[in-house]
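Since the structure comes first, as structure tokens, the remarks are kept for the end.
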Amino acid sequence: MNKNKSLLRELWDFLRVRKAWWLLPILILLLIFGIIIVLGQSSAVSPFIYALI
């Protein structure tokens, strides 16, 4: 087994082998919220993000 697998590759293998497809929407939402938090902290995009919420 390759010891240098990336986190995304390991996550994909876990979802595929365990048939845990119900976790995929949760992970996508967490990723989207993380991106919104990072962009909303101090950038030119923040007024638009605050308008969405």
Side-chain angles (χ1 to χ4, degrees):
M1 181 168 250
N2 188 2
K3 292 184 180 181
N4 294 329
K5 280 189 174 182
S6 70
L7 179 64
L8 292 176
R9 180 66 184 174
E10 292 230 8
L11 182 62
W12 176 253
D13 287 344
F14 174 79
L15 291 174
R16 190 171 42 93
V17 169
R18 304 276 186 201
K19 308 272 191 278
W21 300 115
W22 57 272
L23 279 174
L24 202 56
I26 296 170
L27 293 173
I28 290 171
L29 282 176
L30 285 173
L31 181 68
I32 290 171
F33 283 137
I35 290 170
I36 288 174
I37 288 171
V38 168
L39 287 177
Q41 285 183 356
S42 62
S43 71
V45 184
S46 57
F48 301 110
I49 292 173
Y50 291 128
L52 291 176
I53 297 176

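Because the structure is predicted, anything quoted here is derived from the model rather than measured. Atoms considered below: every heavy atom in the structure, side chains included; atoms not considered: hydrogens, waters and symmetry mates. Here, residue 1 is the first one in the sequence, and each next residue gets the next number.
In the hydrophobic cluster analysis, where Ile, Leu, Val, Met, Phe, Trp and Tyr join through side-chain heavy atoms closer than 4.5 angstrom, I26 is grouped together with I32. Grouping the Ile, Leu, Val, Met, Phe, Trp and Tyr side chains by contacts below 4.5 angstrom, directly or via other members, places L23 apart from L29. Criterion: ILVMFWY side-chain heavy atoms under 4.5 Å apart, direct or through other members. Under it, L15 and L30 are part of a common hydrophobic cluster. Connection of L27 to V17 is not established within any shared hydrophobic cluster, with ILVMFWY side chains joined at heavy-atom distances below 4.5 Å, either directly or through further cluster members.
In this structure, the side-chain hydrogen bond (donor to acceptor under 3.5 Å, both in side chains) partners of R16, at least two apart in sequence or on a different chain, are D13.
Residue pairs meeting the ring pair (Phe, Tyr, Trp, His ring centres under 6.0 Å) criterion with at least one member in residues 9-38, sequence neighbours excluded: W12-W21.
Rounding to the nearest 0.5 Å gives a distance of 4.0 Å between CG of L31 and CD1 of I35. Within the model, atoms CD1 of I28 and CG of L24 stand 4.0 Å from one another, a figure rounded to the nearest 0.5 Å.
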